[in-house]
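What follows is a short report on a single structure.
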Amino acid sequence: MTATGNLDQEIQNVPLLADERGEEQEHEEYPPTSENGVGSSVASTSFHDQQFTEVPTTAHEISKDSWVQAFFVLTTGINSAYVLGYSDAIMVHLGWIAGVVGLIAATALSLYASILVAKIHELGGKRHIRYRDLAGYIYGKKGFYTVWILQYLILFMFDIGFIILGGSALEDVYGLFSDENALKLSYCSFIAGLVCFLFAIMAPHLSALGAWLGLSAVLSSIYIIVAIAISIKDGTNSSARDYSIPGTSVGKIFLTIGAISNLFVPFNTGMIPEIQATIRAPVVGNMVKALSVQLTIGALPLFAVMLCGYWAYGSSTSSYLLDNASGPVWAKALANIAAFLQSIISFHIFACPSYEYLDTTFGFNASGLGLQKLLLRVGLRGGYLAVISVIAALLPFIEDFIGLIGSVCVLPLTFVIPHHLYMMATKKKLSSLQKLWHWLNVIFFGVLSVAATVESVRLIVIDSKDSTIFGD
């Protein structure tokens, strides 16, 4: 069966939005999934007072993990090696006041929008374990395909960014111990892609990460602590720093729009339903816990490294913060190695929905290490990673990808659509003032998305002129 045919069949099993009867509830128990997690029937509370139905078939496991593991998955994304680029992508173009106020506002708005999606995870007598299923249930076939395209586009671009980050970290390690320019960034990106491929063979799905999430937290702590410590040392030893916003008058307008869009990239994954699908009951309450801790305590390291980096280097902050650092070689090497390894784990998290789609489409369960399963993983995931690695080597612009991810995907998928989805699901329960609030969010983030996309494309065109194919 083709991928399109598979999607059409999946949509046919997703009922359209019915009436708005009944009150939203949350039950504490669910029947357990089948041993392999494929096509299991998951009962849940019904937002509509309807008969329960079976969840869409999936090759990956669902309803197993605690909210703590979901928190670690979310926090791994927020404190990924991307944090080493946010000082430049955000603070340099907004300055102290707008940057700090914007970060706080973006955190609060991101938490609110994510909770909206989490609250309608159980709708119409079933759990919607994929974002596209939720959109298909409410909007129908067009909504299903729109969200499917946006979501996989955002995950695809995030993964490209992780390959670039991993390659940049590896290139920096090489540069610390060699004056030769033999190992280019493009070569390092291919090495990062190869390691991601090997990891994808070992970890079949999101729930299988387990202890890897703990390792990810340790790795994140290493490069964040080193980056903060060296930034403070460099900032203290610097007599003066320039905090003026760079660029021409027209350029500043475009860069400011792009930076506002970038504010929302760190806090949003675009895969809330997929992460929520791994959580055991009560799924709504547990996901809200995970999100609340992620965007409070979990966001503190991100804030610290961004603000310390900008304080130390001002408008000359690099797109990869460790490039600015002047600390001891061993510390920079340790931080870069940690950033490289953590990018591998983060890549896997954002690649899991794509892996799940491939596994389900080609009809095999991802768990286990049997020969046939290993060969399928090698073929399917190897092909995906080959494409990602080639694009990363061709376009090695970290800050530009952060902007493009935010404008094209993050804003529509994690702000425009959630507010409208929530209105559609609860429209008979909302007051006129509440509806106005949601519509204002839809309009604001929609306009911002269009404006920021123009800026992101402009930057990539400009940077591409100064770049050579498979160069640095």
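- Here the straight-line distance linking atom CD1 of I260 with atom CG of L255 works out to 11.5 Å at 0.5 Å rounding.
- Every residue meeting the side chain to side chain donor-acceptor pair (under 3.5 Å) condition with E274, not counting sequence neighbours, appears here in chain and number order: Q151.
- Residues passing the side chain to side chain donor-acceptor pair (under 3.5 Å) test with N336 are Y320, sequence neighbours excluded.
- Between I349 and T76, the closest side-chain pair of non-hydrogen atoms falls below 4.5 Å.
- T317 OG1 to M306 CE: the interatomic distance, rounded to the nearest 0.5 Å, is 10.5 Å.
- The nearest pair of heavy atoms linking V283 to I279 is CG1-O, 3.4 Å.
- Between the H121 side chain and the H128 main chain, a donor and an acceptor come within less than 3.5 Å of each other.
- Between F445 and H419, the ring planes lie parallel to each other; the angle is under 30°, not in the 30° to 60° tilted range.
- Of the possible polar contacts, one joining the K332 side chain to the A325 backbone as a donor-acceptor pair under 3.5 Å is found.
- The two residues C196 and I163 make their nearest non-hydrogen contact at SG-CD1, 3.8 Å.
- In this structure, the separation between CD1 on I230 and CG on L321 is 9.0 Å, given to the nearest 0.5 Å.
- Looking at heavy atoms from C-beta onward, I388 lies out of side-chain contact with F162 at the 4.5 angstrom threshold.
- You'll find the ring centres of W148 and Y152 inside the 6.0 Å limit.
- Proximity of L213 to T75: side-chain heavy atoms (C-beta onward) are nowhere separated by under 4.5 Å.
- Between R280 and S66, the closest side-chain pair of non-hydrogen atoms falls below 4.5 Å.
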Check step by step if side-chain hydrogen bond (donor to acceptor under 3.5 Å, both in side chains) holds for R132 and Y145.
CA-CA 7 Å; R132 63 182 184 271; Y145 278 113; over 6 Å; no
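- Side-chain contact, Y384 with D159: a donor N or O sits under 3.5 Å from an acceptor N or O.
- When all heavy atoms of A452 and S261 are compared, the closest pair comes out as CB-CB, 3.4 Å.
- For the atom pair CD of Q294 and CG of L302, the computed distance is 10.0 Å after rounding to the nearest 0.5 Å.
- Closest heavy-atom contact between I115 and S292: CD1-OG, 4.5 Å.
- Atom CG of L123 and atom CG of D133 lie 12.0 Å apart (nearest 0.5 Å).
- In terms of modelled atom types and a separation under 3.5 Å, the side chain of S389 and the main chain of L385 share a donor-acceptor contact.
- Looking only at side-chain heavy atoms (C-beta outward), K119 and M287 stay at 4.5 Å or farther from each other.
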Please step through side chain to side chain contact (heavy atoms under 4.5 Å, CB included) for the pair L103 and F267, ending with a clear verdict.
CA-CA 10 Å; L103 278 172; F267 310 112; 4.2 Å; yes
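- For residues 344-354, the set of pairs meeting the side chain to side chain donor-acceptor pair (under 3.5 Å) definition, not counting sequence neighbours, comprises Q342-S346.
- In this structure, V265 and Y86 have side chains that are in contact, with non-hydrogen atoms separated by less than 4.5 Å.
- Here the side chains of F415 and V442 are not in contact, with every heavy-atom distance at 4.5 Å or above.
- Under the 4.5 Å side-chain criterion, counting only non-hydrogen atoms from C-beta, P418 is in contact with Y131.
- A side-chain donor-acceptor contact under 3.5 Å links S80 to the backbone of G77.
- The two residues A169 and A339 make their nearest non-hydrogen contact at CB-CB, 4.2 Å.
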Could you go through L341 and L215, starting from their C-alpha distance and side-chain angles, then the distance that decides it, and tell me whether this counts as side chain to side chain contact (heavy atoms under 4.5 Å, CB included)?
CA-CA 9 Å; L341 295 174; L215 175 61; over 6 Å; no
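- Atoms CD1 and CZ, on I344 and F199 in that order, are 8.5 Å from each other to the nearest 0.5 Å.
- Residues passing the side chain to side chain donor-acceptor pair (under 3.5 Å) test with S110 are N268, sequence neighbours excluded.
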Side chain to side chain contact (heavy atoms under 4.5 Å, CB included) between L411 and V416, worked out
CA-CA 7 Å; L411 293 177; V416 176; 5.6 Å; no
Intermediate values then yes/no, ring-ring contact (aromatic ring centres under 6.0 Å, His included), F347 and F158
CA-CA 8 Å; F347 178 97; F158 261 124; over 10 Å; no
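- E455 pairs by the salt bridge (charged side-chain N to carboxylate O under 4.0 Å, His left out) definition with R458, not counting sequence neighbours.
- By the 6.0 Å and 45° rule, R381 stacks over the aromatic ring of Y355.
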Using the rule given for side chain to side chain contact (heavy atoms under 4.5 Å, CB included), can you reason through F340 versus L165, listing the C-alpha separation, both sets of side-chain angles and the distance that settles it, and then say yes or no?
CA-CA 7 Å; F340 171 75; L165 281 167; over 6 Å; no
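- Partners of D234 under the side chain to side chain donor-acceptor pair (under 3.5 Å) rule, at least two apart in sequence or in another chain, are Y313, S326.
- Closest approach of G298 to P301, counting heavy atoms only: O-CD, 3.5 Å.
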